[in-house]
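The block underneath contains the structure these notes are about, expressed in structure tokens.
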2 protein chains.
Amino acid sequence: MLAPMANRAVTMEDVAARAGVSRALVSIVFRGAPGAAESTRQRVLAAARELDYQPDTRASRLGRSRTRTRTLGVVFGVGHDFHGDVIDAIYASAGPADYEVVLSGVTRHRSEDVAVRTLLAEKCEALLLLGSGLPAKEMVRLAVTVPVVSLLRPVRAAGVDVVRTDDAGGLAQAVAHLGELGHRRIAHLDGGRNAGAAERRRGFRTAVRRLGVEAEGVELAGGLTEEDGAAAALELLALPGPRPTAVTAFNDRCALGVMDVVRRHGVRVPEDLSVVGFDDIEQAAYRHVSLTTIRQDVEALGAAAIERVRARLDAGDESTRDVVVPPTLVARESTARLDIGP
Amino acid sequence: MLAPMANRAVTMEDVAARAGVSRALVSIVFRGAPGAAESTRQRVLAAARELDYQPDTRASRLGRSRTRTRTLGVVFGVGHDFHGDVIDAIYASAGPADYEVVLSGVTRHRSEDVAVRTLLAEKCEALLLLGSGLPAKEMVRLAVTVPVVSLLRPVRAAGVDVVRTDDAGGLAQAVAHLGELGHRRIAHLDGGRNAGAAERRRGFRTAVRRLGVEAEGVELAGGLTEEDGAAAALELLALPGPRPTAVTAFNDRCALGVMDVVRRHGVRVPEDLSVVGFDDIEQAAYRHVSLTTIRQDVEALGAAAIERVRARLDAGDESTRDVVVPPTLVARESTARLDIGP
DNA sequence: CGTGGGAACTAGAGCGCTCTAGTATCGGCA
DNA sequence: TGCCGATACTAGAGCGCTCTAGTTCCCACG
């Protein structure tokens, strides 16, 4: 109540007047900057509360632009559940580092290009791209103007930092796990051109080789979605010769698709076929699913991304880094020891 | 090229200088406001292009605040696939209406409260809440300051517009469809306290009654996720008496969970059990899933939300509306005619 | 007693736009 | 010829903050 003026938003000016100090002092208090006596600080905060003052971020960012805006732009796939987890981690790390986060979503009708442009128009100081599909050339172009971190997608682009999971290592863990359970004939459902797919494929091959001479890796086309997994399952079932006894899928969703389809063809999981996913999305942990998978360390990914931004912006680091975060195997019930003989 | 000053961002001033006009004129051109000769307009645009000028949205919004900011805040669940579809539709409708969209995500560690506060600090002119979990009281409080549209979640809150699917009607369609296929004993997996659940339950009951005296509706606890569906499936299988021959699930994910579990218990879908979902998420259309479902008209929902905002903001409409968008049945292969007798 | 220095606070010039109130120019018409 | 009104353009005052360069005050210290 006591609106300072009819129907006009409360500004710092109003708070200052009420607290009996200057506008600058209110600014100091709200920014948490040094130079305000504790007693005054309390008085200002009280005044703000009484007037229900809401600081204006637009004005704040604009005012700051002479020095630093401390704003981070994040491009992500709207509705992409794993991106959600990463964003969560980014929020968590950005706050303590005193960075604001602005989201820009990619949807069917809103391209990554538009998403990026919007963020640049907001004068973000750095860009975090989640699983970006932008061509490396384009990223390089962007990186000239503003620090760019490619999350989840490895790119070799000058000036573009990469923060990603050790995809190859993840697959190595998956295959090793299956190896220990006695599996030797293992299929990999490939991710094609998707972020991380090449690395995972490489990890798969190396790990199978390491399993010994009797081990054999079979590669099938997979993909991002349950549908891709379902298609791969049909291929798997139609394979000539002895059927692989285990499968590593490009990701959890793909794994879910495989399990669904093979089960409907009378193949039991894990008795007849062991399945390993990648990501550890929420569904993987559901009791009726209980998918063994390679968990990406989302918190570490988010923290590393922020760390790169700080290194460049706050510490003046000019080097281009490729930060690789180790994943962990989460053994659940979609994998089992291979029964030799019936 | 020709950077007007070392290492300083290009501003309107620079463009104006290069085009040989005033800053105001550049502003006119970029806002698409009337009052610029075609020839000058071209000259300004050319100058902007040459300097690679990026308008600053923060400054623009701030400058506008004397009149209108034309900015819409959207609160959504990060990683919630259906929200992604709706956001897409919102983007599509907001553009032509000349509104900017600012997203604010809700995650495990970022509450809806924080999301809303952030948007208010951006001085959004209206708030669109997707499947909000805010208490009605809180919404009313917000609606005093700024127009609030609750999308997907019906709330009876003074001053809060609601835009939602005809949930009851959707379930009526589902039950009618099953009725036509000969089903009389039908289960409904309830959504508990989730957005739209009460309406769907009501629709289910009415529709079953309409099916005639021999029809019977069975209600089981369901939920939002596959896991909830899986749990419900177990309950369904353990039900005493003749088993329902059809199920309507609270949503598609829940339906997927049911199908997964019942199939593993040897129950065939659709031969032994017909299943109907709700939403029509992408997965429902996958070939190996082919889920019959009630499709929510996302485009219409988005358009209606924007329409409400325009009505209040651009047309001064003061009434509180409850906009109900009709859904449509998408018949796929998870439902089939009931075989009477073996 | 003077003085140096730090803490607490303020004045005011930006930040990059928008937009109102104006000026200049010109064609058309009585 | 003079005047009107439309069109094209500009000046300059905001918008609500930030932040530098002060000013004031007080206390410790020589």
Side-chain angles (χ1 to χ4, degrees), chain A residues 4-5 7-44 47-48 51-71 98 100 120-125, chain B residues 4-5 7-17 19-44 47-48 51 53-71 98 100 120-125:
Chain A
M5 199 155 297
N7 204 23
R8 224 194 73 257
V10 180
T11 78
M12 261 189 185
E13 192 75 58
D14 305 318
V15 178
R18 186 176 186 95
V21 296
S22 71
R23 213 178 57 248
L25 219 252
V26 179
S27 172
I28 286 175
V29 170
F30 270 86
R31 276 177 294 140
E38 186 51 33
S39 58
T40 324
R41 162 172 256 100
Q42 291 306 333
R43 201 147 39 86
V44 167
L51 296 175
D52 192 26
Y53 167 64
Q54 296 280 359
D56 185 329
T57 36
R58 303 162 314 163
S60 160
R61 282 209 282 269
L62 185 57
R64 261 177 297 174
S65 49
R66 252 183 305 178
T67 51
R68 300 271 314 269
T69 70
R70 301 201 77 84
T71 306
D98 199 23
E100 250 176 79
L120 291 179
E122 296 272 355
K123 302 294 179 236
C124 290
E125 282 195 297
Chain B
M5 200 153 296
N7 204 22
R8 224 195 72 257
V10 181
T11 76
M12 261 191 184
E13 192 75 56
D14 305 316
V15 177
V21 296
S22 72
R23 215 181 53 249
L25 219 250
V26 179
S27 171
I28 286 175
V29 170
F30 271 85
R31 277 177 293 138
E38 185 51 31
S39 58
T40 323
R41 162 172 255 101
Q42 292 305 333
R43 202 147 38 87
V44 167
L51 296 176
Y53 167 64
Q54 296 280 1
D56 184 328
T57 35
R58 303 162 312 165
S60 160
R61 282 210 281 269
L62 184 56
R64 262 176 297 173
S65 48
R66 250 183 306 174
T67 51
R68 298 273 313 268
T69 70
R70 302 203 74 85
T71 306
D98 199 23
E100 251 176 78
L120 291 180
E122 296 271 357
K123 301 295 179 235
C124 290
E125 284 194 296

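Numbered from 1 within each chain, the chains take letters A, B, ... in sequence-line order.
Between C:dC9 and A:S22, no contact under 4.0 Å exists linking OP1 or OP2 to a side-chain N or O. The phosphate of D:dC15 has neither OP1 nor OP2 within less than 4.0 Å of any side-chain N or O from B:R58. Dashed line: the shortest gap from a side-chain N or O of A:S27 to OP1 or OP2 of D:dT18 is under 4.0 Å.
In this model, a side-chain donor or acceptor of B:R23 finds a partner on the base of C:dT18 within 3.5 Å. Side-chain atoms of B:R66 come within donor-acceptor range of the base of C:dT18, with a qualifying N/O pair under 3.5 Å.
Rounded to an integer number of Å, the gap from CZ of A:R41 to C1' of C:dA8 is 12 Å. Note: CG (A:L62) to P (C:dA13) measures 17 Å, nearest angstrom. Atoms CE (B:M12) and P (D:dA11) sit 15 Å apart, rounded to a whole Å. B:I28 places its CD1 atom 10 Å from the C1' atom of C:dT18, with the value rounded to the nearest Å. Put simply, NZ on B:K123 is 12 Å from C1' on D:dC15, counting in whole angstrom units. Rounded to an integer number of Å, the gap from CD of B:E122 to C1' of D:dC15 is 15 Å. D:dC15 atom C1' lies 16 Å from atom CZ of B:R68, rounded to whole Å. Atom CG of B:D56 and atom C1' of C:dC15 are 8 Å apart (whole Å).
Closest to the A:V21 side chain, of the nucleotides C:dT18, C:dT10, C:dC17, is C:dT10. Residue B:T11 places its side chain closer to C:dG16 than to any other of C:dC9, C:dG16, D:dG16. The side chain of A:R64 lies closest to D:dT18, out of D:dA8, D:dT18, C:dC19.
Across all strands shown, B:T57 has no heavy atoms under 4.0 Å from either base or sugar-phosphate atoms. Residue B:R61 is classed as having no contact, given no heavy-atom separation below 4.0 Å to the nucleic acid. B:A37 comes within 4.0 angstrom of sugar-phosphate atoms only, judged by non-hydrogen atoms across all strands, and of no base. Backbone-only engagement by B:T67 is indicated by non-hydrogen atom pairs under 4.0 Å involving sugar-phosphate atoms exclusively. Note on B:A33: nothing from the nucleic acid sits closer than 4.0 angstrom, heavy atoms only.
B:R23 places no side-chain N or O within 3.5 Å of a backbone atom of B:M12 that could act as its donor or acceptor partner.
Here CZ of A:R18 is found 12.0 Å from CZ of A:R43. Values are rounded to the nearest 0.5 Å. Distance CD/A:E122 to CD/A:E100: 9.5 Å, rounded to 0.5 Å.
Heavy-atom minimum distance, A:V15 versus A:V44: CG1-O, 3.9 Å.
The 5' end of DNA chain D is approached more closely, in terms of each residue's nearest nucleotide, by B:L25 than by the other of A:S65 and B:L25.
No side-chain donor-acceptor contact under 3.5 Å links B:T57 and B:R61.
Ion pair B:R64/B:E125 not flagged as a salt bridge, since none of the NZ, NE, NH1 or NH2 atoms sits closer than 4.0 Å to an Asp/Glu carboxylate oxygen.
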